[in-house]
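Predicted model only: the values in this text are computed from it and were never measured.
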Amino acid sequence: MASISNALIGGALIGAASAGLLLVNGRVAGISGILGGAIRGEAGVWRWTFVLGLIAAGFALPAVAPYVSAFDINPVGSPTGDIPASVTTLAIAGVLVGFGTALGTGCTSGHGVSGISNLSPRSLVATLTFIGVAAVTVFIVRHLAAGA
């Protein structure tokens with residue numbers, strides 16, 4: 001039950017942050033675009049502030065969820081169970097996700113949260129693609145590669 005309430009609270013906070021950025025700054029909250037713009041030095045201190053806020057939230061998380069630490073990729077009581085991957089594998093996966101978001105001109109937050117809420121057909125296709133690829137990847141990792 002805690003995992004459902006945590007997911008609901010997390011989703012509400014993501015939606016509030018996305019709506020807040022749009023209302024205050026007139027910008028769509030796509031994390032990959034915000035981070036990419038910050039790295040490229042595009043105008044706006046707000047980009048780094050947003051990224052640092054995400055990192056700070058990770059460190060603040062144990063205050064509301066004591067069973068989680070900022071560096072624990074498999075916390076005790078995690079609803080996802082064991083993650084059968086090393087930190088290196090996760091880092092490589094992160095780079096591939098970054099490449100995919102650049103290729104798809106957006107990530108799950110930009111397309112999935114902001115794009116779909118704006119009824120963007122392009123974001124719907126992108127989000128369905130993310131979900132489909134994730135489902136195939138989980139199937140391969142958990143059922144095919146794990147037994148090899």
Ignoring hydrogens and angles, write down the donor-acceptor pairs under 3.5 Å from the side chains of residues 24-45, residues two or more places apart or on other chains.
residue	atom	partner	partner atom	Å
Arg40	NE	Glu42	OE2	3.1
Arg40	NH2	Glu42	OE2	3.2
Glu42	OE1	Arg47	NH2	3.2

Partner set under side-chain contact (heavy atoms from CB on, under 4.5 Å) for Thr129, not counting sequence neighbours: Val125, Val133

Do Val136 and Ile131 belong together in a cluster built from hydrophobic side chains that touch within less than 4.5 Å? no

Hey, any chance Ile14 and Leu54 share a hydrophobic cluster, counting ILVMFWY side chains that come within less than 4.5 Å of each other, even indirectly? no

Of all heavy-atom pairs linking Ser117 and Ser114, the shortest is OG-O, 2.8 Å

Check the angle between the aromatic planes of Phe50 and Trp46 and answer parallel, tilted or perpendicular using the 30° and 60° thresholds. perpendicular

Look only at the side chain of Thr127 and the backbone of Leu124, and say whether a donor-acceptor pair between them is shorter than 3.5 Å. no

N/O donor to acceptor pairs below 3.5 angstrom from side-chain atoms of residues 90-105, sequence neighbours left out:
residue	atom	partner	partner atom	Å
Thr101	OG1	Val97	O	3.3
Thr101	OG1	Gly98	O	2.8
Thr105	OG1	Arg122	NH1	2.7

How long is the span from the CG atom in Leu13 to the CG atom in Leu8, to the nearest 0.5 Å? 11.0 Å

Enter the distance from Phe130:CZ to Thr137:OG1 here, rounded to the nearest 0.5 Å. 12.5 Å

